[in-house]
Amino acid sequence: MGTGGGASSRSLRDTPTWALATVCFVIITVSIFIEHLIHLVCNWLKRHKQKALFEAVQKLKSVLMVLGFMSLLLTVIQRPVSRICIPTKMAYSMLPCRKKAQKDLQAAHQQSGFDHCQSQGKTSLISEEGVNRLSIFIFILAVMQIVYSVLTMALGRAKEANSMAAT
């Protein structure tokens with residue numbers, strides 16, 4: 001990926017297996033904990049006959065699964081997508097920035113080092129960094145979906161408690 005030789009560019013091959021195993025263990029443990037927590041919330045909602053909130057939690061689970069799958073898919077296809085080459089002229093059309101910024105973008109692209117598409121005189125459709133940022137954006141969407149759903153459920157509970165107190 002990067003051509004620099006810092007600690008941040010260390011490949012997986014140069015990473016100790018205990019470090020990789022520790023990171024995987026933490027990720028799996030957190031995932032199992034969250035899954036169990038969602039399961040407990042669903043059971044509690046069923047016992048207390050909160051059908052609407054139960055459906056909201058089920059919808060949240062399905063949305064998170066789709067966003068997780070999209071993130072996984074982006075991670076898997078990151079390199080093949082970055083190897084799709086398009087003409088440079090097309091790469092600099094319909095940009096969200098003005099023409100002045102386009103020259104800076106072209107200069108930065110020339111300094112970014114050698115890649116597969118530059119050898120053909122073209123530009124990659126989306127760089128690996130671009131796909132990585134898209135994956136981060138999907139993660140942020142997932143977090144915001146969680147916050148939105150939890151807030152909606154909390155407001156629903158508050159409204160329900162308020163209507164019961166009024167009766």
Side-chain angles (χ1 to χ4, degrees), residues 1-2 4 6-84 86 91 93-98 101-102 104-105 108 112 124-167:
M1 303 202 205
S8 63
S9 66
R10 186 169 68 176
S11 71
L12 191 59
R13 185 176 35 190
D14 299 329
T15 305
T17 53
W18 63 265
L20 183 62
T22 302
V23 169
C24 290
F25 176 76
V26 168
I27 290 171
I28 291 170
T29 303
V30 169
S31 297
I32 290 172
F33 175 74
I34 291 172
E35 176 74 27
H36 185 67
L37 187 64
I38 290 173
H39 182 72
L40 290 175
V41 168
C42 286
N43 285 342
W44 186 85
L45 290 173
K46 279 183 186 178
R47 276 196 319 266
H48 289 84
K49 298 179 180 152
Q50 303 289 324
K51 185 177 180 182
L53 292 176
F54 174 75
E55 289 175 7
V57 171
Q58 292 294 62
K59 182 176 180 179
L60 174 66
K61 273 177 40 175
S62 67
V63 167
L64 289 177
M65 195 167 16
V66 167
L67 289 173
F69 179 73
M70 287 171 49
S71 180
L72 175 67
L73 189 61
L74 278 173
T75 301
V76 169
I77 66 170
Q78 181 174 0
R79 181 154 298 186
V81 166
S82 68
R83 292 182 66 86
I84 297 173
I86 60 172
S93 65
M94 296 181 11
L95 292 175
C97 302
R98 295 189 181 144
Q102 178 181 345
D104 296 337
L105 195 67
S112 67
S124 62
L125 179 65
I126 299 176
S127 66
E128 285 188 42
E129 180 183 347
V131 175
N132 188 29
R133 288 185 181 194
L134 184 59
S135 183
I136 291 170
F137 176 69
I138 289 174
F139 173 76
I140 291 171
L141 282 177
V143 169
M144 292 310 298
Q145 177 70 28
I146 291 170
V147 169
Y148 175 73
S149 296
V150 168
L151 184 62
T152 301
M153 287 188 283
L155 290 174
R157 296 276 302 150
K159 184 177 179 182
E160 182 181 303
N162 191 17
S163 66
M164 286 184 151
T167 324

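Keep in mind that the numbers below use all heavy atoms, side chains included, and drop hydrogens, waters and symmetry copies. Keep in mind it's a predicted model, so treat the numbers as computed, not measured.
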Scan for salt bridge (charged side-chain N to carboxylate O under 4.0 Å, His left out) pairs involving residues 132-144, sequence neighbours excluded, and state none if there are none. E129-R133

Using 0.5 Å steps for rounding, measure from the CG atom of L60 to the SG atom of C42. 9.0 Å

Residue pairs meeting salt bridge (charged side-chain N to carboxylate O under 4.0 Å, His left out), one or both in residues 158-167, sequence neighbours left out, come to R157-E160

Out of V147, I146, T152, which one pairs with V150 under the side-chain contact (heavy atoms from CB on, under 4.5 Å) rule? I146

Could you measure the distance from the CD1 atom of I138 to the CG atom of L73? Nearest 0.5 Å is fine. 9.0 Å

To the closest 0.5 Å, what do you measure between CE (M70) and CZ (F137)? 9.0 Å

Would you name the heavy atoms of L125 and V81 that are closest together and state the gap between them? CB-O, 4.3 Å

Which value, rounded to the nearest 0.5 Å, describes the distance between I84 atom CD1 and I77 atom CD1? 8.0 Å

Hey, what do you get for CG (L155) to CG (L151), rounding to the nearest 0.5 Å? 4.5 Å

Taking every heavy atom of L67 against every heavy atom of L141, the minimum-distance pair comes out as CD1-C, 4.2 Å

Can you pull the side-chain hydrogen bond (donor to acceptor under 3.5 Å, both in side chains) pairs that have at least one residue in residues 134-146, sequence neighbours excluded? S71-S135, Q145-S149

Find the distance between CZ (F139) and CG (L134) and round it off to the nearest 0.5 Å. 14.5 Å

